[in-house]
Protein chains: 2
Amino acid sequence: MGHGRDGAAATTLAPAGVEAIARTMHALSTPSRVQLLLRLRVEPRTVGELVEDVGMEQSAVSHQLRVLRHLGLVVGERAGRQIRYRLHDDHVAQLLDEAVFHVEHLTAATPSE
Amino acid sequence: MGHGRDGAAATTLAPAGVEAIARTMHALSTPSRVQLLLRLRVEPRTVGELVEDVGMEQSAVSHQLRVLRHLGLVVGERAGRQIRYRLHDDHVAQLLDEAVFHVEHLTAATPSE
DNA sequence: TGAAAGTATGAACGAGCATTCATTCGTGTG
DNA sequence: CACACGAATGAATGCTCGTTCATACTTTCA
């Protein structure tokens, strides 16, 4: 549906593309970052607010926000003493939505190996 | 568009859900697994074929296929001496498509900083 | 049945990385 | 201007995990 790229469906995708996918998906590969992103999907939040939201230490939150920032998934803007973070754009929100959606519908692996 | 789950959009998603997302997305967080999945999206392949496709060692391919199997993303079926792998279902193919699509359209992080 | 092809498995090694602790930087406030 | 608050940074640590090497398992064939 919709985005049926077939350049991507080629026998082997460009190595650069593969690496880019892995790098971006890596952002969603840890509970802490997923939690941060999902929280930011609801509304912009300051670092301090995020710290209380997810129950991590301030330093850990800052470190992970930096990772997400460098991946272009979130942006931070100064507001007085604090810095308010938000998702970079709607693409990120969509990516999150679809990750949630698909994971919810995956058959959760066959327990019988 | 489409799957607008709002249970997922709650202030904080269920911890179990967050972990599930992270675990599944972890499968797409490494170039080797992305390469394998993208190759399998085109058509089913035996282990030996995948080894030649992606240029990894047979052992490495088997190990990564096991990871993907346990996550319910691929399934393997015996065919004589060899084992033919394929994506578990269309959900996985869609997830791959959307990962490729979104990553292609992400603004690639701010080069500054 | 013995050998070879195809694949899986286990141990070991090393790199990547998430977290913590301590510190520094920037910004308001008295 | 000194101080408190909010956030970022750097070093250190422990763990996860991808890869390799060696080996065992399964199936086919002579």
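Since we're looking at a predicted model, the values are computed, not measured. Just so it is clear: chains get the letters A, B, ... in the order the sequence lines come, proteins before strands, and each one is counted from 1.
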### Identified side chain to side chain donor-acceptor pair (under 3.5 Å) counterpart of A:Y85 within the set A:E49, A:R45, A:E77, A:R69
A:R69
### Query
Can you check the B:M25 CE to C:dA18 P distance for me, whole Å?
16 Å
### Closest approach of B:V18 to A:P31 (non-hydrogen atoms, all atoms of both residues)
CG1-O, 3.4 Å
### Backbone of B:A93 reached by a side-chain donor or acceptor of B:R41 within 3.5 Å
no
### Query
So does A:E43 have more than 12 non-hydrogen atoms from other groups sitting under 6.0 Å from CD?
yes
### Task
Using whole Å, report how far CD1 of A:I83 lies from C1' of D:dT9.
12 Å
### nucleotides 20-30 of chain D: protein proximity per nucleotide (B base, S sugar-phosphate only, - neither; heavy atom, under 4.0 Å)
BBB---SBB--
### Query
When you measure from the side chain of A:D89 to the backbone N and O of A:V92, does any donor-acceptor pair fall under 3.5 Å?
yes
### Message
C:dA5, OP1 or OP2 - any side-chain N/O from B:Q82 closer than 4.0 Å?
### Response
no
### Query
So does B:Y85 get a side-chain nitrogen or oxygen closer than 4.0 Å to the phosphate oxygens (OP1/OP2) of C:dA8?
yes
### Task
Apply ring-ring contact (aromatic ring centres under 6.0 Å, His included) to B:H26 and list each qualifying residue two or more places apart in sequence or on a separate chain.
none
### Query
Starting at CD of B:E19 and ending at C1' of C:dA18, how long is that distance when rounded to a whole Å?
15 Å
### Task
Check whether any side-chain nitrogen or oxygen of B:R69 sits under 4.0 Å from OP1 or OP2 of C:dT9, and answer yes or no.
yes
### Query
Hey, does the side chain of B:H26 come within less than 4.0 Å of D:dG18's phosphate (OP1/OP2), counting only N and O?
yes
### Message
Whole angstroms only, please: what is the CG-C1' distance between A:L68 and D:dA8?
### Response
15 Å
### Query
Between D:dA7 atom P and A:E52 atom CD, what is the distance in whole Å?
10 Å
### Message
Using modelled atom types and a 3.5 Å cut-off, is there a donor and acceptor pairing between side-chain atoms of B:R33 and backbone atoms of B:L28?
### Response
no
### Query
Given D:dT9, C:dT9, D:dG18, which nucleotide is nearest the side-chain atoms of B:Q64?
D:dG18
### Query
Within this structure, what is the CZ-to-P distance between A:R84 and D:dG6, rounded to whole angstrom?
13 Å
### Query
Could you state the CD-P distance from B:E77 to C:dG6, rounded to the nearest angstrom?
18 Å
### Query
What is the distance, rounded to the nearest whole Å, between atom CG of A:L36 and atom C1' of C:dA18?
12 Å
### Summary
Side-chain contact check for A:V47: nearest option of C:dT19, D:dA8, C:dA8 is D:dA8
